[in-house]
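Report on the structure given below.
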Amino acid sequence: MTKESHANDIALKPQVARPKLPPMFKVLLLNDDYTPMEFVVEVIERFFNKSREQATQIMLKVHTEGVGVCGIYPQDIAETKMNQVLNHANASQHPLQCTIEIA
Ligand code: TYC
């Protein structure tokens with residue numbers, strides 16, 4: 001048997017196609033005592049593409065429980081959305097806080 005044919009006899013483990021998914025990040029809103037509810041609902045509608053009804057539910061969850069998830073995205077998109085929320089809140093002089101956390 002030649003060296004080449006022997007090399008070809010080594011059994012290879014059947015490879016399964018497992019396309020690697022990117023790590024996902026939750027974008028969280030935090031409650032505070034000053035940001036108007038209406039402003040928070042508009043933020044969730046605008047930056048997280050939620051309906052008025054969905055945005056209201058998320059806002060109320062944050063208001064009552066202290067924190068709520070607005071969406072889950074790959075890291076670069078999650079960071080962009082967090083920064084958009086923080087820039088808009090700062091420009092509007094509201095103390096609304098937004099953060100990201102690995103899902
Ligand atoms: N707690 C605020 C109020 O009573 C409303 C609010 C909800 C603020 C969600 C921030 O992420 C927040 N006006």
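Because the structure is a prediction, the values reported are computed rather than measured. For ligands, and for the atoms within them, numbers begin at 1 and follow the listed sequence. Values below: all heavy atoms of this structure, side chains included; hydrogens, waters and symmetry mates excluded.
With respect to the salt-bridge test (charged N to carboxylate O, under 4.0 angstrom), the residues R46 and E42 do not qualify. Under a 4.0 Å N-O distance rule, the pair E101/K26 qualifies as a salt bridge.
The proximity of V40 to ligand 1, defined as any non-hydrogen pair under 4.0 Å, is limited to the side chain.
The main-chain N or O of L28 is never found under 3.5 Å from a side-chain atom of T99 such that the two would form a donor-acceptor pair. Between the E79 side chain and the D76 main chain, no donor and acceptor come within less than 3.5 Å of each other.
Residue contact check: L96 has heavy atoms under 4.0 Å from atoms 10 (C), 11 (O), 12 (C) of ligand 1. The ligand atoms of ligand 1 that sit less than 4.0 angstrom from a heavy atom of L30 are 10 (C), 11 (O), 12 (C). Near V62, the atoms of ligand 1 lying under 4.0 angstrom from a non-hydrogen atom of the residue are 9 (C), 11 (O), 12 (C).
Scanning the protein for heavy atoms near atom 2 (C) of ligand 1, the closest one is D32 O, 3.2 Å. Looking at atom 6 (C) of ligand 1, its nearest protein heavy atom turns out to be N31 OD1, 3.4 Å. The protein non-hydrogen atom at the shortest distance from atom 5 (C) of ligand 1 is T35 O, 3.4 Å.
Counted by atom type alone, N83 and T80 present zero donor-acceptor pairs between their side chains at under 3.5 Å.
Note that OG1 of T35 is 10.5 Å distant from CG of L30, once rounded to the nearest 0.5 Å.
An N or O contact shorter than 3.5 Å links H63 to ligand 1 by distance. Between D33 and ligand 1, no N or O atom pair is found at a separation short of 3.5 Å.
The environment of CD in Q93 is sparse: at most 12 heavy-atom neighbours from other residues, nucleotides or ligands sit within 6.0 Å.
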